[in-house]
Amino acid sequence: MGRPVDRELLTRSSTMVAPWLLNKLLIRDDGRAIRIVEVEAYGGSEDDASHARNGPTARCGAMFGPAGHAYMYFTYGMHWCCNVVTGADGVGEAVLIRAGEPVSGLVEMQACRSRARREVDVTNGPAKLCEALSVDGSFDGVDLCVESSPLVLLDDGTPPPRTPACSGRIGITRSVEWPWRWFVADNPFVSNPPG
DNA sequence: GGTAAGATCAGC
DNA sequence: CTGATCTTACCA
């Protein structure tokens, strides 16, 4: 189906890596897989919207670890979201996976997302795709660049869009104007929040 | 020790 | 638009 992405390419800054991750695959060890169609970059100096803004903490420690590992965070009392850690070891950066398109294991994903009536609602949000893939806090720090992991970032040869769509990040109140969200233009699985 | 906000989602 | 649900950060 593909090969794990090259960790070296993930050591670049989150704003370089984020659009490059579009069209890559996120795959579970049971075959469930999605194609990434929407991402956001976090971290770097001066990003007041990043969990890393106050330095490493118990919660966001994985952001400061080596590139290519997962940073999972729990929010709103009930949702897990998945990030790909980027940048040099010791630098607090990551890319939030905001939406994906199912490519295999759709039936299993729908079973995990029983409240989703329409197919797009299975994976068109950061917490939705984690629920669809049964990914939670126990995946914090998992290495996404080795095939033996329960969750792997795969490159199946599909290149990122030549000209990805770009906008401000969603669901934050600080640095909202920064154009750090990228998505595959016209893909129906891109999240579509009010506003 | 208290409180408010939060990288969200679903139902009305 | 609002409730669910709970962890973290920040202030006293």
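Proteins come first, then strands; the chains are lettered A, B, ... in the order of their sequence lines, and each starts at number 1. In what follows, every heavy atom counts, from backbone to side chain, and hydrogens, waters and symmetry copies are set aside. Because the structure is predicted, anything quoted here is derived from the model rather than measured.
The nucleotide dC10(C) finds its pairing partner in dG2(B), both defining distances of the Watson-Crick or G-U wobble pair being shorter than 3.5 Å. For dT5(C), there is no paired base (Watson-Crick or G-U wobble, both distances below 3.5 Å).
Residues I34(A) and G100(A) approach most closely at CD1-CA, 4.0 Å, considering heavy atoms.
Comparing dG2(B) with dT5(C), their P atoms are spaced 22 Å from each other, to the whole Å.
Residue N54(A) places at least one side-chain N or O under 4.0 Å from the OP1 or OP2 atom of dC10(C). Taking side-chain N and O atoms only, T57(A) has a distance below 4.0 Å to OP1 or OP2 of dA9(C). In terms of phosphate contacts, R59(A) brings no side-chain nitrogen or oxygen within less than 4.0 Å of OP1 or OP2 of dA9(C).
Contacts of M72(A) with the nucleic acid, taken as non-hydrogen atoms under 4.0 Å apart, are absent. Within 4.0 Å (heavy atoms only), A49(A) reaches at least one base atom of the nucleic acid.
Under the 3.5 Å distance criterion, with hydrogens and angles disregarded, no donor-acceptor pair is assigned to the side chains of R113(A) and T123(A).
Nearest-nucleotide positions on DNA chain B place G171(A) closer to the 5' end than the other of G171(A) and E131(A). Heavy-atom distances to DNA chain B give each of N83(A) and K128(A) a nearest nucleotide, and the one nearer the 5′ end belongs to N83(A).
We find that CZ of F74(A) is positioned 13 Å from P of dC9(B), with the value rounded to whole Å. For the pair Y73(A) OH and dC6(C) P, the computed distance is 18 Å after rounding to whole Å. Between the CG atom of D136(A) and the P atom of dT7(C) there is a distance of 14 Å, given to the nearest Å. Rounded to an integer number of Å, the gap from CZ of R117(A) to C1' of dC9(B) is 16 Å. Rounded to whole Å, the distance from CZ on R115(A) to P on dC9(B) is 10 Å. When the P atom of dC9(B) is taken as reference, atom OH of Y76(A) falls 10 Å away, rounded to whole Å. One interatomic measurement links the two molecules: NE2 of H51(A) to P of dG6(B), which rounds to 10 Å at whole-angstrom precision. Between the CD1 atom of I170(A) and the C1' atom of dT8(B) there is a distance of 11 Å, rounded to whole Å.
A cation-pi geometry, defined here as NZ or CZ lying under 6.0 Å from the six-membered ring centre and within 45° of its normal, does not hold between R28(A) and F139(A). Geometrically, R12(A) engages W20(A) in a cation-pi contact, judged by NZ or CZ lying under 6.0 Å from the ring centre and within 45° of the ring axis.
In this structure, the nucleotide among dG11(B), dT8(B), dC6(C) sitting nearest to the side chain of P126(A) is dT8(B). The nucleotide whose nearest atom lies closest to any side-chain atom of T75(A) is, among dA10(B), dT7(C), dT8(B), dT8(B). Closest approach to the M78(A) side chain among dA7(B), dT5(C), dG11(B) is made by dT5(C) (side chain taken as heavy atoms from C-beta onward). Among dG6(B), dA9(C), dA7(B), the nucleotide with an atom closest to any side-chain atom of I172(A) is dA7(B). With dT8(B), dG6(B), dA4(C) as the choices, the nucleotide that has an atom nearest any side-chain atom of R98(A) turns out to be dT8(B). Comparing dA10(B), dA7(B), dA9(C) by their closest approach to the side chain of R113(A) singles out dA10(B).
Stacking here means ring centres nearer than 5.5 Å and ring planes tilted less than 30 degrees, and by that measure Y42(A) stacks onto dA7(B).
By the 30° and 60° cut-offs, the orientation of the rings of Y71(A) relative to H51(A) is perpendicular.
Ion pairing between R169(A) and E40(A) fails under the 4.0 Å rule for side-chain N and carboxylate O.
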